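Structure first, commentary second.
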Amino acid sequence: MSFSPHAALASKSHVHCLTASAKSIESQFHFVLLHPHKKVVMKENYLDELNERQREAVTHINGPLMIVAGAGSGKTKVLTTRIAHLMRNGVDAFNILSLTFTNKAAREMKERVEKILGGSEARNLYIGTFHSVFARLLRAEAHRLGYPNDFTIYDADDAKSVVKTIVNELNLDDKHYKPNFVYNRISAAKNSLMGPEEYQLDHLVQQEDMRANRPLIGKIYDMYAKRCFKNGAMDFDDLLFKMYVLLKSFPEVLHKYQHKFKYIMIDEYQDTNPAQYEIIKLLGAVNENICVVGDDAQSIYSFRGATIQNILQFEKDYDDVKVVKLEQNYRSTKSILSVANEVIAHNKGQIEKNLWTDNTEGDTIKLVRTMTDNEEGKFVADTIAEQKLRNHYENRDFVILYRTNAQSRAFEECLRRKAIPYRIFGGLSFYQRKEIKDFVAYLRVTMNTRDEEALKRIINYPVRGIGKTTLEKTIVLANEHNITMWEVLERAREFGFKGGTVEAIEAFVVMIKSFQAMLTTHNAYDVAVVVGKSTNIVKELFNDKTTEGLARYENVQELLNSIKEFTETPDEEGELLDNKTMGTYLQQITLLTDADQGNDEDSNVVKLMTIHAAKGLEFPVVFTVGLEETLFPSGMSINTREELEEERRLFYVAITRAKARLWLTHANSRYRFGNLVQNEPSRFLEEMPEKFIDRSYAGGGSVRNAFGSGSTSGWGGGGNMGNMFDRMQKKTPGQPVSQPSSPKPAPRPTSAATTHVPTPGFAPDDPAEMEPGMQVEHQKFGFGTITAMEGAPNNRIATVVFPKGGGEKKIMLNYAKLRIVR
DNA sequence: CGATCAGTCTTTTTT
DNA sequence: AGACTGATCG
């Protein structure tokens with residue numbers, strides 16, 4: 001069940017697939033698109049569109065099937081065609097379950113199946129993420145587990161907040177028992193199907209917690225689970241864990257779904273965790289018609305409990321597994337693919353495969369070093385502008401990929417400065433904004449008064465005189481009498497609240513009850529509008545004329561729009577889902593991530609996202625940035641071989657997103673936690689074959705700064721360089737910019753000559769005047785001779801031989817400043 | 001009781 | 001640098 005696109009947040013238009021894939025579908029299935037009513041034609045020859053391996057996978061109907069699908073090998077096409085093929089061969093759509101990891105993937109799959117089949121039958125398929133499908137099944141069966149059918153789904157913030165509450169209740173120090181840490185521990189336990197009791201009895205786990213000096217995590221876990229249950233809430237991990245418990249404890253339920261889902265397909269199988277694995281195993285046990293698709297080289301979610309073992313051992317889990325390898329890549333140029341293949345070859349123990357392509361060799365991969373993170377941003381923005389002119393790309397053809405969300409800022413600024421429209425995916429999601437969470441909390445409490453997290457948010461927002469003291473008293477009373485906070489509030493007078501407080505509480509209770517009464521007679525949107533009015537939230541935000549206040553007001557309006565759109569969009573979810581209730585809306589928004597709202601295909605913008613978020617996507621031009629030690633690979637993941645290999649797979653994913661052109665950038669120094677640090681280039685850069693790489697330098701910064709000589713004399717020129725220098729001086733007054741914490745980077749072969757001291761009064765000359773044969777001076781590499789000149793007039797690249805500076809370099813004249821000697 | 005200010009901590013990656 | 005927390009003042 002892919003959820004209907006939440007286009008109100010992005011655009012009004014209906015979804016199309018991502019540019020690239022949409023194009024490829026069109027070319028393959030153009031007949032259908034031109035004559036949408038003649039689907040019959042499609043049905044006859046859909047197998048012709050496949051290569052031999054793909055056809056082999058599609059036409060394998062019964063029995064376990066593992067498709068090892070290399071990057072860009074047409075995986076989604078195979079999956080969708082296979083669904084069509086199953087149905088063509090008499091399988092009922094109601095009996096097919098297809099699980100993905102992201103809503104985006106689910107949506108794309110659903111759309112593509114609809115294009116092949118026509119929409120009416122496709123509607124009956126179960127296509128969705130693990131979490132959303134299980135949430136849906138759990139809603140139907142929740143009563144068996146003692147949960148209300150309208151259970152709330154806690155997002156990570158809610159869950160951490162519960163953890164924090166419990167840590168405080170136990171009088172533990174939340175500096176030591178950090179909610180984040182504890183929650184991750186609980187999450188890991190659930191993902192390995194370990195409940196609180198087992199957790200506390202498991203010696204290994206207890207040993208780990210003892211060693212970490214946090215022996216009470218098991219206790220916290222136990223209380224956490226009980227609290228969630230009391231609140232009528234499940235967290236993300238519960239959607240898997242409770243699903244497993246449900247199937248395991250109720251044979252009749254298991255039986256029902258085993259016979260419903262006769263054919264099961266799982267995308268991105270390499271990213272499944274033990275909970276998902278066991279559920280699939282249970283569901284598929286009768287028919288064993290399990291088709292898994294994955295690529296061990298793209299397993300990047302072990303931090304979420306995924307184990308690569310699931311795919312590596314699939315063949316051993318079932319008898320007579322049919323294995324099909326898709327090894328032809330249709331996406332990337334030979335250069336890009338060669339680099340990717342060589343990089344990933346540094347990992348051990350993979351499923352053997354040989355990814356190849358018929359595509360042209362294409363451009364070399366550009367490896368660019370800059371002095372600072374800001375210059376990196378500037379370089380990327382400039383290059384995008386240049387590429388648009390030179391190669392007629394549009395904004396939507398570009399993506400900037402980074403390891404951590406925090407890196408987006410520098411690029412945002414530079415893109416904004418050049419008036420290049422962009423959009424960031426991930427990061428703080430719309431639904432995580434405070435004003436949205438506050439508003440949504442009203443809806444949550446209205447739906448489920450046991451939802452304490454939501455209740456605590458709104459009990460005094462907007463201010464209504466129910467302060468901290470009252471809140472704490474309520475919590476204590478609730479715990480004492482073992483009832484919910486809401487019940488305490490309902491009986492406030494009885495519990496001895498007095499005067500203004502009791503009036504405020506009663507008014508609050510009456511208000512929420514009036515919302516509840518509306519639920520039966522009005523749709524979600526009408527209720528939400530009344531909530532906005534009665535609570536005064538909308539008015540209050542409207543009266544706040546600050547910039548942020550305005551933005552908050554607009555956000556709430558947008559939320560209302562999205563609810564409206566939700567209630568008005570025809571149901572695509574199949575019969576089982578009881579339509580447009582507030583409950584399904586709330587479920588949708590908590591399971592919808594920001595990346596999923598990115599189906600805004602009409603907007604012609606540059607995209608920025610983490611590499612994780614980019615999995616499954618492709619772009620004509622890719623910039624992978626921040627390729628530096630401690631950043632990528634992350635400093636957190638260089639301690640074991642397994643961690644490092646996962647980082648390498650991540651790099652592999654980044655490379656293989658690119659269709660035509662790929663830039664890899666890294667900066668000498670960048671701001672992290674507010675101070676300047678220097679990083680060595682990523683070790684991964686050394687693993688790439690030189691043959692396909694073009695190295696150049698976009699560093700205009702001062703070498704002496706970077707190495708801490710600190711002298712300010714003799715700096716005549718270089719506008720942007722001057723700014724940078726000023727800023728560095730401010731950051732560390734009197735202190736050269738160097739790094740006490742990390743060892744001095746070993747001199748690297750490519751930048752051996754770091755000793756050149758520019759001639760006093762060094763000033764760069766106009767790049768336009770430079771020609772091959774000239775003698776020039778570079779701030780870092782010293783004196784050299786220009787041997788060649790290339791590039792557009794506004795972005796000239798000189799090849800310069802520096803006898804003492806490490807040989808031949810490509811210098812981008814827009815960034816690096818050269819002085820003409822003669 | 002609530003608002004303002006200084007001090008602390010942060011960054012993996014996400015359903 | 002910025003978000004978040006806790007202490008102090010109106």
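The model shown is predicted, which means the values in this text are computed figures rather than measured ones. Sequence lines set the chain letters: A, B, ... in the order given, protein chains first and strands last, and positions in each chain run from 1.
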Whichever of K175(A) and V463(A) has its nearest DNA chain B nucleotide further upstream toward 5':
V463(A)

Within this structure, what is the CZ-to-C1' distance between F130(A) and dT15(B), rounded to whole angstrom?
11 Å

Does dT14(B) have OP1 or OP2 under 4.0 Å away from a side-chain N or O of N405(A)?
yes

Among dG2(B), dG2(C), dT12(B), the nucleotide that comes nearest once only the side chain of T404(A) is considered
dT12(B)

Could you tell me whether the phosphate oxygens of dT12(B), OP1 or OP2, come under 4.0 Å of any side-chain nitrogen or oxygen in T610(A)?
no

Between atom OH in Y183(A) and atom C1' in dT15(B), what is the gap in whole Å?
9 Å

Between dT15(B), dC1(B), dT12(B), spot the one nearest the side chain of F236(A), thanks.
dT15(B)

I want to verify a distance call: between dT15(B), dT10(B), dT14(B), whose nearest atom is closest to the K178(A) side chain?
dT10(B)

Nearest 0.5 Å, what's the OG1-CD1 distance between T590(A) and I153(A)?
4.5 Å

Nearest to side-chain heavy atoms of K164(A), which nucleotide of dT12(B), dT13(B), dT5(C):
dT5(C)

From the options dT15(B), dT12(B), dT13(B), select the nucleotide whose nearest atom is closest to the side chain of T102(A).
dT15(B)

Testing I655(A), L401(A), I400(A) one by one against V622(A) for a side-chain contact (heavy atoms from CB on, under 4.5 Å), which residue passes?
L401(A)

In whole Å, what is the span from the CG atom of D173(A) to the C1' atom of dT8(B)?
13 Å

Rounding to an integer number of Å, can you tell me how far L631(A) CG sits from dT12(B) C1'?
9 Å

D157(A) and K437(A) ion-paired at < 4.0 Å
yes

Rounded to whole angstrom units, what separation is found between the CZ atom of R649(A) and the P atom of dT12(B)?
19 Å

Nearest-Å distance, CZ (F673(A)) to P (dG7(B))?
21 Å

To the nearest angstrom, the CE-C1' distance between M243(A) and dT15(B) comes to 16 Å

Of all the nucleotides listed (dT11(B), dG2(B), dT15(B)), which has the minimum atom distance to the side chain of N180(A)?
dT11(B)

Please pick, from dT12(B), dT11(B), dC9(B), the nucleotide with the shortest atom-to-atom distance to any side-chain atom of R672(A).
dT11(B)

How many Å lie between CD on Q270(A) and P on dT13(B), as a whole number?
20 Å

Could you check whether D235(A) pairs with K190(A) (Lys NZ or Arg NE/NH1/NH2 to Asp/Glu carboxylate O, under 4.0 Å)?
yes

Cationic N near anionic O, under 4.0 Å, D267(A) to K75(A):
yes

Closest to the R409(A) side chain: dG2(C), dT13(B), dT15(B)?
dG2(C)

Take N460(A) and F303(A), find for each the nucleotide of DNA chain B with the closest heavy atom, and name the residue whose nucleotide sits nearer the 5' end.
N460(A)

Look at the side chain of H131(A) and decide which nucleotide, out of dT15(B), dT12(B), dC1(B), has an atom nearest to it.
dT15(B)

Side chain proximity check, E643(A) to M636(A), heavy atoms < 4.5 angstrom:
no

Testing dT14(B), dT12(B), dT5(C) for proximity to the side chain of S637(A), the answer is dT12(B)

